[in-house]
Amino acid sequence: MSQHTKRSVCARNRTVFLSFFTSNTPLCPTASSTRTASALPLRGKVLTVDTMNANVKKVDYAVRGPIVQRAVQIEKELKEGVKKPFEEVIKANIGDAHAMGQRPITFFRQVIALCTYPQLLDDNKFPEDAKNRARRILQSCGGNSIGAYTTSQGIDCVRHDVASYIQRRDGGIPSDPDNIYLTTGASDGIVTILKLLTAGEGRTRTGVMISIPQYPLYSASIAELGAVQINYYLNEEKCWSLDISELQRSLHAAREHCNPRVLCIINPGNPTGQVQSRQCIEDVIRFAAKENLFLMADEVYQDNVYAEGCEFHSFKKVLFEMGPEYSSKVELASFHSTSKCYMGECGFRGGYMEVINMDPEVKAQLTKLVSVRLCPPAPGQALMDLVVNSPQPGEPSYQTFMKERTAVLSALAEKAKLTEEILNTVPGISCNPVQGAMYSFPRITLPERAINEAKAKGQAPDMFYCMKLLEESGICLVPGSGFGQREGTYHFRMTILPPTDKLKIMLNKLKEFHQKFTQQYS
Amino acid sequence: MYRLQSLAARSLIAGALDHCTPLTLTSLTGVRHKSQGPSVEKCGQMRFLTAEAKASAGRLDGKMREKTLTMDTLNPQVKAVEYAVRGPIVLKAGEIERYLEEGGTKPFSEVIKANIGDAHAMGQQPITFLRQVVALCTFPELMDSPSFPEDAKWRARRILQGCGGHSLGSYSASPGVECIRKDIAAYIEQRDEGVPSDWENIYLTTGASDGIMTILRLLVSGKDSSRTGVMIPIPQYPLYSAAISEMDAVQVNYYLDEDNCWALDINELHRAYQAAKQHCQPRVICIINPGNPTGQVQSKKCIEEVLHFAYEENLFVMSDEVYQDNVYAPDCQFHSFKKVLYEMGPEYFSSVELVSFHSTSKGYTGECGFRGGYMEVINMDPEVKAQLVKLLSVRLCPPLAGQAAMDVIVNPPQPEEHTFKQFHQEKSSVLGALAEKAKLTEQILNAVPGIKCNPVQGAMYAFPRIFIPPKAVEEAKALGMQPDMLYCLRLLEETGICVVPGSGFGQKDRTYHFRMTILPSIEKLNVLLGKVRDFHISFLKEYSGLE
């Protein structure tokens, strides 16, 4: 900013300003400004890419990256009547269930509508169990309004409900409402915990171990916070399973240049769809205990398990089953959200985290930090409450609720299978079973010529592939390079969320495209 | 000494210090850092001692696993954050509330939380129309219900059409739902009498706080003397100081002129800027208008001067205008920075970088829980704008219900519409009551000896100056507490009224204040102010009289 020129203008009177614009002559100087009567170069911008926060520049978030921006552009072009070889853009880049046509769970929306507009409590079209829940939530809100700020940690009764849900889910292992923090989606909680953990300079800077492939929220937050990203690779040959010796390898390598303090796990996996075995979770916990790592378990897909023989095990439960030696020591934060599972309520930005064994002083710091943002959105908190306190047998809404829930989950299971099957029939595509979560992350073989052409363009080869796919078929996927992958391998992530008919069409288009692409470049 | 012991023995101080030990102690030490040099050392020593003690304990039991995350290994910037509006005094208030609920007795029957601008919690009723639209968006089956007005249905349909899968449950684009951004731009244009607003400059946010943090995050860079300095008013809304600490930027204070109704003095801006240039690079100036906690409404001339100053000194302007609808004083009017900038001519409006913030939480709607808000960015470098969009996209999107609420605020019922009458009546009754309460607060407080309160021209708070007797000041210092913190804790303990000490907002040395909202209902506010008066008088007596 040193190059900027100071000018003096009397700010008293607008006509003076106007004459200033026309004459370009400095006028009466104000009290302390210095007068420079030289030629007037343009006032430079304060904020440019050169002067902005360098960490922000390093942030990358492929799920909403350039390919998605292009998809939005194409959508606009289609609207304006531009001819394309397809009629609509299918956005399979993000796990956005409702955008893909999934219907909201009626009961949830009834309760939120009741909370929003309590006059509806007199409407006999709303079932009693919905009204009861709405009343209970409102009683816990300031002035009985969802428009009041909640405590920063989240509405009291919601935190209690979350704790009893966790306790039920984990077969009775106790959960303390004081350890529950409601969040603005899981992302918010993850960023907050990483923020607490990031400290040190140079070789003592906090290192964060993340899986590769990973959900790019992690790499983005690490970049923004200026922490050190430590990659551990999932084993694609073994259905993306996590290998302890790989954890060990990456930790040792990282200790050379940073202070690894955190281990992040996504289970069920995003983008890789694997569901961790109980044994594997135990090994991870033992590893974390031995190496003094803070564990972050991203369990937002906990209800999305499809493969037979797979089951969701929470890190919390396994930790406590390993006995007090572990359960009283290992620091763990686990995350959940309203955006995934069978509800797919992304827009409400609801979520929670449970923190275990956090130092009480640090917990007070956490509470202080979240208080600056005042509170997570109250409708999202209400929705989170319903997820953990859903209709019970005997309640009027139970049957409808179960029917809707089961329909969503079984359709997802079917689509997971379908996706895997169709993709694996394409020569040059190989896809691990989608055991859980909402994505398939197939490996694609790209011809040498295509790789070279991409590199010549300065593009990652799978970005080149996905861009072409988008331009030719309207299908929007995210290239594997946005999630990280072993060098020389290429992938893409696609959601399995479109309705079955649409998914079939999409997979077939993909198949044709891949064959054509391979031919063209061989 | 006797006095000190007796005070410490009183539950108020003891309770405040031990029940929320970590938070209270750290934030108090934080305060101490700033005001008293010597105790920093002491505090550092203490930390060293505890660390050493821990280490030796670890040695005794070789297997003991140290926590990964402790006060010693925590992000130091997080440690530095302070946010008084929800600080120790509010934690203490929560504690007392629970104590009362469990049947405990106090000299009062309820805690009145006047610490925060939370209208609904104070009994303000939501605007019917806004809630109707959001309920319709949430549960579209209600579109068939005859009890909802057509204009509400029409708006809900329009919003849903802008949502993926026509559901409030889908992610929106990261800058927000397109049709809402367009409505906001149209609203701004209308508000600013035709000054153009481009919808692509509008970004929906999760409350205004989120937008303010995001913009500051873009701006903070450099090391040492080139580190970004952020000019903020003192007194300020502590979101600013908290965000600055969290990002390790440099806080540059400019003092508002209390004797001149908290007006902003351009000479003071120059002074603050010149002084700061010695050790950092001031790049941003933040303005809160109408003022929080100070309630002043800036004159147009003053805004022109600020913009000219920013132009001259190459500063990025952040104008926090969340109280734009909360102007009560008859001789005051809200002028948006954007409008004034444009009226200053192209030299200014084509170069000064400005971001202005608005929210659903204040105004006449008071919808804090929805976390709705927007910002308009003017003259932002296009490449930086792309970086902004990228940064926002990591958090996916602001809550949709909040976006919908924001839409209703910028696109309210029009005179020819069905619901206009009811809407208008609800809106004016809220704003009318606020104006009355603003006046009432000022009058009653000014009648108390030792309290002096500027007119509450706008926003939602009074920030009166209080005289604290030297003896009370000494006692507070001996307790390692700010004098106004001691005052507010006593007020809470004795009357159940929760207000925030001025030290949490910043104030001139040796002046003391508190912030209280004017939001309680008139009857309650009368009671509250009466209690404050009685308390203040007895406090003065206690500390001025002889032992």
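Hydrogens, waters and symmetry mates play no part in the numbers below; they use all other heavy atoms, side chains included. Here is how names work: the chains are called A, B, and so on, in the same order as the sequence lines, proteins then strands, and each is numbered from 1.
When heavy atoms are compared at a cutoff of 4.5 Å, Val191(A) approaches chain B solely by way of its side chain, counted from C-beta outward. Looking at Gln77(B), there are no atoms closer than 4.5 Å to chain A (heavy atoms on both sides), in backbone or side chain. The part of Thr150(A) that comes within reach of chain B is its backbone (N, CA, C, O), which places non-hydrogen atoms under 4.5 angstrom from that chain. Contact annotation for Thr128(B): both backbone and side-chain heavy atoms come within less than 4.5 Å of a heavy atom of chain A. Looking at Ser174(B), both its backbone and its side chain come within 4.5 Å of chain A, counting heavy atoms on both sides. No part of Tyr218(A) comes within reach of chain B, as not one of its non-hydrogen atoms sits under 4.5 angstrom from that chain. Heavy atoms of Asn55(A) lying under 4.5 Å from chain B are absent altogether. Of the atoms belonging to Asn144(A), not a single heavy atom falls under 4.5 Å from chain B. Neither the backbone nor the side chain of Met100(A) comes within contact range of chain B, judged by heavy atoms closer than 4.5 Å. When heavy atoms are compared at a cutoff of 4.5 Å, Pro376(A) approaches chain B solely by way of its backbone atoms N, CA, C and O. Using a 4.5 Å cut-off between heavy atoms, Cys141(A) makes no contact with chain B at all. Heavy-atom distances place no part of Leu366(A) under 4.5 Å from chain B, backbone and side chain included. Heavy atoms of Gln381(A) lying under 4.5 Å from chain B are absent altogether. Interface remark: Leu197(A) contributes backbone and side-chain atoms alike to the contact with chain B (heavy atom separation under 4.5 Å). Heavy atoms of Thr106(A) lying under 4.5 Å from chain B belong to its backbone as well as its side chain.
By the side-chain contact (heavy atoms from CB on, under 4.5 Å) test, Ser187(A) is found to be paired with Leu217(A), Arg349(A), Leu396(B), residues two or more places apart in sequence or in another chain being considered.
Taking 4.0 Å as the cut-off between side-chain N and carboxylate O, Glu367(B) and Arg131(B) count as a salt-bridged pair. Using a cutoff of 4.0 Å between basic side-chain nitrogens and carboxylate oxygens, Arg217(B) and Glu246(B) are scored as salt-bridged.
For the set Met343(A), Met52(A), Gln102(A), the count of heavy-atom pairs under 4.5 angstrom toward chain B peaks at Met52(A).
Residue pairs satisfying the salt bridge (charged side-chain N to carboxylate O under 4.0 Å, His left out) criterion with at least one member in residues 119-129 of chain B, sequence neighbours excluded, are absent.
Centroid-to-centroid, the aromatic rings of Phe348(A) and Tyr171(B) stay 6.0 Å apart or farther.
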